[in-house]
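Below are the structure tokens for one structure; questions will follow.
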Protein chains: 2
Amino acid sequence: MDNLTEMLKGTLEGCVLEIIGSEETYGYAITRRLNELGFADVVEGTVYTILLRLEKNGLVQVTKRPSEQGPPRKFYALNDAGRKELATFWAKWEYITSRIDKLKEGGR
Amino acid sequence: MDNLTEMLKGTLEGCVLEIIGSEETYGYAITRRLNELGFADVVEGTVYTILLRLEKNGLVQVTKRPSEQGPPRKFYALNDAGRKELATFWAKWEYITSRIDKLKEGGR
DNA sequence: AACAGTACCTGGTGCCACTGAGTACTAAGG
DNA sequence: CCTTAGTACTCAGTGGCACCAGGTACTGTT
């Protein structure tokens with residue numbers, strides 16, 4: 001599927017929040033996870049910008065740990081603000097998908 | 001629901017395409033339709049920029065007709081390229097929603 | 001030494017929804 | 001008669017986000 005970028009605005013960040021929320025993990029692994037989920041064209045640069053933004057916005061707790069396979073990893077976990085933001089994301093997602101589905105079914 | 005703007009990137013244009021595709025209509029009415037569908041904060045300026053973009057991209061056929069209630073209306077109808085773009089939009093939407101739902105269900 | 005895999009960072013770009021202000025026409029109310 | 005509200009369209013500018021392209025750096029294999 002090509003050129004999803006515009007439709008991913010806002011949702012990709014939510015996906016990253018969800019991934020972090022389900023398990024403490026790091027940028028490189030998050031990228032691999034998104035790729036295997038079907039977001040095949042998402043590259044590391046994109047994920048890192050999201051992670052830096054999450055950190056800047058105080059939604060995650062960051063822990064640096066050494067890796068046996070390369071440079072140290074930065075592990076991310078949601079804090080309270082992050083969990084709240086994740087809940088808000090899913091509420092928005094629910095809201096938008098329900099409206100779009102209504103529109104698609106020709107609902108009036 | 002507040003601040004959906006980032007998540008509407010790409011999808012709002014698709015919604016407008018769908019509305020036009022189901023019935024030849026004009027900007028002001030499209031705005032009202034979106035509002036009643038639940039996109040309450042979408043204002044005319046936003047819709048008109050989308051309509052001008054659709055026209056510029058050759059996806060719609062435009063017909064100006066007088067109105068009894070104000071200035072003349074610009075009616076929009078999809079052409080072949082527009083119908084194709086609409087189909088692409090729904091394919092992308094399907095694709096993304098299925099991946100997000102999988103993620104939400106903790107799918108691996 | 002060279003390379004591939006792992007792991008992270010960053011300045012710049014383009015697209016899109018949104019803002020805010022403006023134009024213009026009609027009908028109703030004070 | 002003039003103001004207001006409703007209808008209807010336009011457009012220059014803003015900000016946020018995914019993306020691009022290139023960089024750094026560590027480890028293990030060839």
Side-chain angles (χ1 to χ4, degrees), chain A residues 1-17 25-35 39-57 59-60 62-76 85 89 92 96 99-100, chain B residues 1-17 25-35 39-57 59-60 62-76 85 89 92 96 99-100:
Chain A
M1 187 67 52
D2 294 347
N3 221 24
L4 300 173
T5 88
E6 286 308 325
M7 279 174 73
L8 288 178
K9 297 270 172 84
T11 69
L12 199 56
E13 180 180 311
C15 293
V16 171
L17 278 171
T25 182
Y26 56 98
Y28 191 80
I30 293 170
T31 308
R32 291 292 96 80
R33 177 99 175 83
L34 286 168
N35 293 154
F39 302 106
D41 296 340
V42 173
V43 294
E44 292 155 48
T46 300
V47 173
Y48 289 117
T49 55
I50 291 173
L51 290 172
L52 290 174
R53 190 166 64 237
L54 294 179
E55 191 176 355
K56 201 185 76 180
N57 293 343
L59 303 175
V60 289
V62 189
T63 315
K64 207 164 191 170
R65 298 213 187 91
S67 164
E68 289 164 1
Q69 296 196 51
R73 298 166 172 165
K74 282 177 71 177
F75 280 82
Y76 293 83
E85 181 68 21
F89 164 70
K92 286 185 189 176
I96 287 184
R99 310 295 139 157
I100 304 260
Chain B
M1 187 66 53
D2 294 349
N3 219 24
L4 301 172
T5 88
E6 286 309 326
M7 278 174 74
L8 287 178
K9 296 270 173 85
T11 69
L12 198 56
E13 179 179 312
C15 292
V16 171
L17 278 171
T25 181
Y26 58 99
Y28 191 79
I30 293 170
T31 309
R32 291 294 95 78
R33 178 98 177 84
L34 286 168
N35 293 153
F39 302 105
D41 296 339
V42 173
V43 295
E44 294 154 47
T46 300
V47 174
Y48 289 116
T49 56
I50 292 173
L51 290 171
L52 291 174
R53 190 167 64 237
L54 295 179
E55 190 177 354
K56 202 186 77 181
N57 293 344
L59 303 175
V60 289
V62 189
T63 315
K64 208 165 193 169
R65 298 212 187 92
S67 164
E68 288 164 4
Q69 297 195 50
R73 297 165 173 165
K74 282 176 73 177
F75 281 83
Y76 292 83
E85 182 66 22
F89 164 71
K92 285 185 189 175
I96 288 183
R99 310 296 140 156
I100 304 260

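Residue numbers begin at 1 in each chain, while the letters A, B, ... track the order of the sequences.
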- Query: Looking at the side chain of P71(B), which of dC9(D), dC9(C), dA24(C) is the nearest nucleotide?
  - Reply: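 The nucleotide sitting nearest to the side chain is dA24(C).
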- Could you state the CG-C1' distance from L8(A) to dG14(C), rounded to the nearest angstrom?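 Computing the L8(A):CG to dG14(C):C1' distance gives 15 Å.
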- Query: Are Y48(A) and dC9(C) close enough that a side-chain N or O sits under 4.0 Å from OP1 or OP2?
  - Reply: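 For Y48(A), the contact criterion (side-chain N or O under 4.0 Å from OP1 or OP2 of dC9(C)) is not met.
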- N/O (side chain, S67(B)) to phosphate O (OP1/OP2, dT7(D)) under 4.0 Å: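 So the side-chain polar atoms of S67(B) never come under 4.0 Å of the phosphate oxygens OP1 or OP2 of dT7(D).
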- Task: Write down the distance between CG (L12(B)) and P (dG16(D)), rounded to a whole number of angstrom.
- Result: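 The distance from CG of L12(B) to P of dG16(D) comes to 19 Å, rounded to the nearest Å.
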- Specify the separation, in whole Å, of atom CD of Q69(A) and atom P of dA4(C).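 These atoms are roughly 17 Å apart.
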- Task: With heavy atoms under 4.0 Å as the rule, sort L51(A) into base, sugar-phosphate or nothing.
- Result: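 No contact at all - L51(A) keeps every heavy atom at 4.0 Å or more from the nucleic acid.
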- Query: Considering only dC19(D), dC9(C), dT6(C), which nucleotide approaches the side chain of L52(A) most closely?
  - Reply: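 Within the option list, the nearest is dC9(C).
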- Query: Nearest nucleotide by nearest heavy atom, which residue falls closer to the 5' end of DNA chain C, K9(A) or T49(A)?
  - Reply: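 Residue closer to the 5' terminus by nearest nucleotide: T49(A).
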- Message: Does atom CG (D41(A)) have a neighbourhood of more than 12 heavy atoms from anything else shown, all under 6.0 Å?
- Response: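 No - once you tally the heavy atoms of other residues, nucleotides and ligands closer than 6.0 Å, there are 12 at most.
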- Message: Measuring only between side-chain heavy atoms, which start at C-beta, is R99(A) closer than 4.5 Å to F39(B)?
- Response: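 A side-chain contact exists here, since the closest heavy-atom pair is under 4.5 Å.
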- Task: Report yes if a side-chain nitrogen or oxygen of K74(A) is closer than 4.0 Å to either non-bridging phosphate oxygen (OP1 or OP2) of dC9(C); otherwise report no.
- Result: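 Looking at the OP1 and OP2 atoms of dC9(C), one of them is under 4.0 Å from a side-chain N or O of K74(A).
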- Under 4.0 Å between a side-chain N or O of Y26(B) and OP1 or OP2 of dA8(D)?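 Result: yes.
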- Query: In whole angstrom, what separates N57(B)'s CG from dC15(C)'s C1'?
  - Reply: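 For the pair N57(B) CG and dC15(C) C1', the rounded distance is 11 Å.
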- Is any side-chain nitrogen or oxygen of R53(A) closer than 4.0 Å to OP1 or OP2 of dG16(D)?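 Negative; the distance criterion is not met.
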- Within less than 4.0 Å of OP1 or OP2 of dC19(D), is there a side-chain N or O belonging to T46(A)?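 Answer is yes, contact under 4.0 Å.
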- Query: Roughly how many Å is it from CD in E44(B) to C1' in dA17(C), rounded to a whole number?
  - Reply: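 Result: 15 Å.
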- Message: What contact category does G27(B) fall into here, base, sugar-phosphate, or nothing, at under 4.0 angstrom with non-hydrogen atoms?
- Response: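 Answer is sugar-phosphate: G27(B) comes under 4.0 Å of backbone atoms only.
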